[in-house]
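For reference, the structure is listed below as structure tokens.
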There are 2 protein chains.
Amino acid sequence: MPESRRPRLVDVAERAGVSPRTVSNVLHNHPHIRDSTRKKVEEALVALDYRVNLSARALAGRNTGFIALVIPVLDNPYFSSLAAHVIEACAARDWTVLIEQTSAQEDRERNAVFGPASRLVDGVILQLDSIPEEELSRRFSHSSLVLIGEEASAAWADHVAVDNVSAAREATEHVLALGRRRIATAGILPSGLNTTSELRYRGVWQAMEAAGVSLRTDYLLEVGNFRRPDGADAAERLLRLDVLPDALICYNDLIASGMLAKLREAGVSVPEDIAIVGFDDNEESQYQAPPLTTIAWDLGAIAQRCVEQLVERSQPGGDSRPPARTFVGHELIVRESTVSTRP
Amino acid sequence: MPESRRPRLVDVAERAGVSPRTVSNVLHNHPHIRDSTRKKVEEALVALDYRVNLSARALAGRNTGFIALVIPVLDNPYFSSLAAHVIEACAARDWTVLIEQTSAQEDRERNAVFGPASRLVDGVILQLDSIPEEELSRRFSHSSLVLIGEEASAAWADHVAVDNVSAAREATEHVLALGRRRIATAGILPSGLNTTSELRYRGVWQAMEAAGVSLRTDYLLEVGNFRRPDGADAAERLLRLDVLPDALICYNDLIASGMLAKLREAGVSVPEDIAIVGFDDNEESQYQAPPLTTIAWDLGAIAQRCVEQLVERSQPGGDSRPPARTFVGHELIVRESTVSTRP
DNA sequence: GGCAAGACTTGCAGCGCTGCAATATGATGT
DNA sequence: ACATCATATTGCAGCGCTGCAAGTCTTGCC
């Protein structure tokens with residue numbers, strides 16, 4: 001087989017008997033093209049099996065067709081599901097998504113947002129983790145940025161806001177309404193740097209305060225991370241206490257899953273002995289034994305809004321628009337880990 | 001703030017008092033550069049906060065620094081975990097990973113492999129799903145391709161092979177060894193197009209045949225997909241049968257998870273009444289009630305090998321190397337869904 | 001002191017495409 | 001038939017970088 005080079009725009013143009021620019025116009029659905037011309041070009045396109053060189057297009061043109069999604073980890077159902085939704089939303093617009101996995105390391109997050117790849121993308125969707133907002137706002141200028149996070153943050157960038165404090169408050173109120181008073185909470189990070197953890201704690205605290213129930217310090221369970229083994233660890237510490245709590249707010253479903261498994265092993269019954277609430281509504285949570293009460297975010301809506309905001313920014317004049325803020329709601333999904341259906 | 005353009009190589013060169021080519025050499029760790037020169041350049045690099053334009057580099061140079069990972073879906077723990085591993089392996093080499101999610105649709109898979117984005121990448125890692133191998137081998141030529149899949153396939157491309165047939169056989173032999181004889185299997189796809197499903201079925205069949213046990217057709221459970229709800233559906237059909245099986249081979253852990261939940265609900269005990277085996281060893285599987293016996297693949301090794309093979313191919317002379325084949329083993333992890341630890 | 005063999009640096013061309021603005025062609029009205 | 005407008009097509013320059021090959025400067029050694 002001859003080592004033939006890939007066809008270029010000029011090759012297509014030559015074959016179709018038009019100028020390269022016309023071929024480009026056809027590819028971009030330029031409004032004024034005679035049908036006969038379009039037909040000729042399209043035939044040549046097919047005959048040569050032409051595929052545009054995205055590097056060249058990006059270099060010459062205004063935008064690249066890439067956006068970056070910067071998240072801590074991919075093998076967490078919350079983020080992989082978010083990523084799947086973002087990819088779907090982008091596919092509809094012929095955008096390609098670069099997923100940058102930071103492993104929650106600040107230097108990697110910084111590299112994702114400021115490094116070479118950031119030059120390549122038309123926009124960035126960032127689940128803000130450790131970069132200080134102040135630094136972001138100072139250095140970010142070259143493309144659009146959508147933050148996923150708190151209502152409180154960022155009056156300087158578009159963002160899609162979720163309300164962790166309210167969500168945590170509602171979760172806690174739910175178990176309080178069930179009559180539970182010895183409430184423990186799992187998901188405090190020792191570093192205190194992670195906003196999500198802090199805000200969920202704050203919500204729990206608010207609900208307790210409002211109900212006049214005290215929060216025992218030995219019921220504040222630290223975790224190294226937000227994964228299942230961290231939940232299991234926390235459960236072991238919990239089981240060593242003299243008095244077990246009667247309710248447990250876990251800051252995500254993975255922690256809850258780890259706790260659930262260990263408690264089951266120890267013969268603690270859920271929800272009779274301990275009611276458990278999680279966050280995120282991972283699909284697996286409804287298949288747990290017992291199915292897990294949890295806070296559900298509308299990930300589809302979050303992804304959709306992020307992409308829409310990127311679209312709006314990239315529209316002519318979108319640059320000068322004031323930062324937009326969208327609130328995406330949440331919902332407490334009550335399942336058997338807090339409310340038994342057994343007789 | 002003035003709308004200053006991003007600094008280019010020439011700007012750095014000017015500031016450092018050298019030629020653009022020298023700056024490029026510094027960036028590429030060219031061997032012969034005087035320390036004093038390097039120092040000047042690096043200072044200018046920092047002062048201007050220079051970041052290379054990847055589009056330009058890709059256009060001018062030999063490679064792009066991108067590879068594509070083409071998988072059916074991202075919100076399946078097997079694939080998100082694989083993706084996470086691939087991203088890690090690539091990060092070490094300053095490669096960026098484009099994840100193409102095909103939703104198991106043939107046209108999207110084809111677009112991912114042959115479409116514009118494929119022109120951009122130095123290599124492709126493909127979990128082959130529906131594109132016929134013959135078509136792939138005929139059309140794929142412009143960059144390196146690593147297939148993840150069966151030993152049987154592809155003598156024309158590099159691939160990292162797993163052995164689904166043996167794995168399924170071992171899983172089945174395991175339950176046979178436990179004395180189970182009424183063995184059901186869940187994960188048959190109606191289309192029959194999906195290789196994985198077929199191969200796992202074949203393994204089950206081989207083990208049954210070898211043991212002289214017959215496979216009842218009403219124990220062959222079809223699924224629409226490999227997700228939890230599909231498992232739950234299958235479980236409902238299973239529960240309507242007169243005689244329940246005493247063992248169940250599910251073609252992935254998600255199906256097993258869905259089945260487990262429904263069986264639990266129906267009061268069927270696992271493993272006493274039915275022993276269950278899954279595939280993939282998702283992290284969640286060890287947290288199930290009961291923890292799930294499953295086939296574990298070494299995803300880290302798969303990702304590692306895929307990336308290594310891409311590296312080897314992109315080395316000078318790598319082009320002409322014969323296709324390499326690496327086998328990645330599997331392991332049956334026995335947990336309580338088949339072997340009870342209860343007294 | 002002269003010359004080869006490094007060590008170090010550079011100029012040039014061009015990757016393949018698109019923005020821009022100009023031109024060519026056709027349709028319409030008078 | 002000719003100006004006018006809308007439709008349709010084009011040429012040119014250049015995006016920012018790297019491959020290549022050729023250049024210049026050092027150094028060591030006879």
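Numbers restart at 1 for each chain; the letters A, B, ... are given by sequence-line order, proteins then strands. Note: hydrogens, waters and symmetry copies are ignored here, and every other heavy atom, side chains too, is used.
Picking from D/dC20, C/dC17, D/dT18 the nucleotide with the shortest atom distance to the side chain of A/Asn53 gives C/dC17. Listed nucleotides C/dT10, D/dG16, C/dC8 differ in distance to B/Asn25; the shortest reach to its side chain belongs to C/dT10. Among D/dC17, C/dG11, D/dT10, the nucleotide with an atom closest to any side-chain atom of A/Ser19 is D/dT10. Looking at the side chain of A/His30, the nearest of the listed nucleotides C/dC17, D/dG16, D/dT9 is D/dT9.
Checking the phosphate oxygens (OP1, OP2) of C/dT18, a side-chain nitrogen or oxygen of A/Ser24 falls inside 4.0 Å. For C/dG6, neither phosphate oxygen OP1 nor OP2 lies less than 4.0 angstrom from any side-chain nitrogen or oxygen of B/His32. Side-chain nitrogen and oxygen atoms of A/Thr22 include none within less than 4.0 Å of the OP1 or OP2 phosphate oxygen of D/dT9. OP1 or OP2 of C/dC15 has not a single side-chain nitrogen or oxygen of A/Ser55 nearer than 4.0 Å. For the OP1/OP2 pair of C/dT18 and a distance below 4.0 Å, the side-chain nitrogens and oxygens of A/Arg57 include at least one atom meeting the criterion.
Below the 3.5 angstrom threshold, one finds no donor paired with an acceptor across the side chain of B/Arg21 and the base of D/dG23. No hydrogens or angles were tested; on distance alone, nothing pairs the side chain of B/Arg6 with the base of D/dG16 as donor and acceptor under 3.5 Å.
Contact annotation: the side chain of B/Val124 never approaches that of B/Ile67 to less than 4.5 Å [non-hydrogen atoms, C-beta and beyond]. You'll find the side chain of A/Ser24 stays beyond 4.5 Å of the side chain of A/Leu27, heavy atoms only.
In this structure, B/Asp122 contributes its side chain and B/Asn63 its backbone to no donor-acceptor pair below 3.5 Å. A distance-only check finds a donor-acceptor pair linking the side chain of B/Thr64 to the backbone of B/Leu120 [under 3.5 Å].
As judged by a 4.0 angstrom heavy-atom cut-off over every strand, B/Ile33 is placed among residues touching the sugar-phosphate backbone only.
Two residues, B/Leu59 and B/Ser36, neighbour DNA chain C, and the one matched to the more 5' nucleotide by heavy-atom proximity is B/Ser36.
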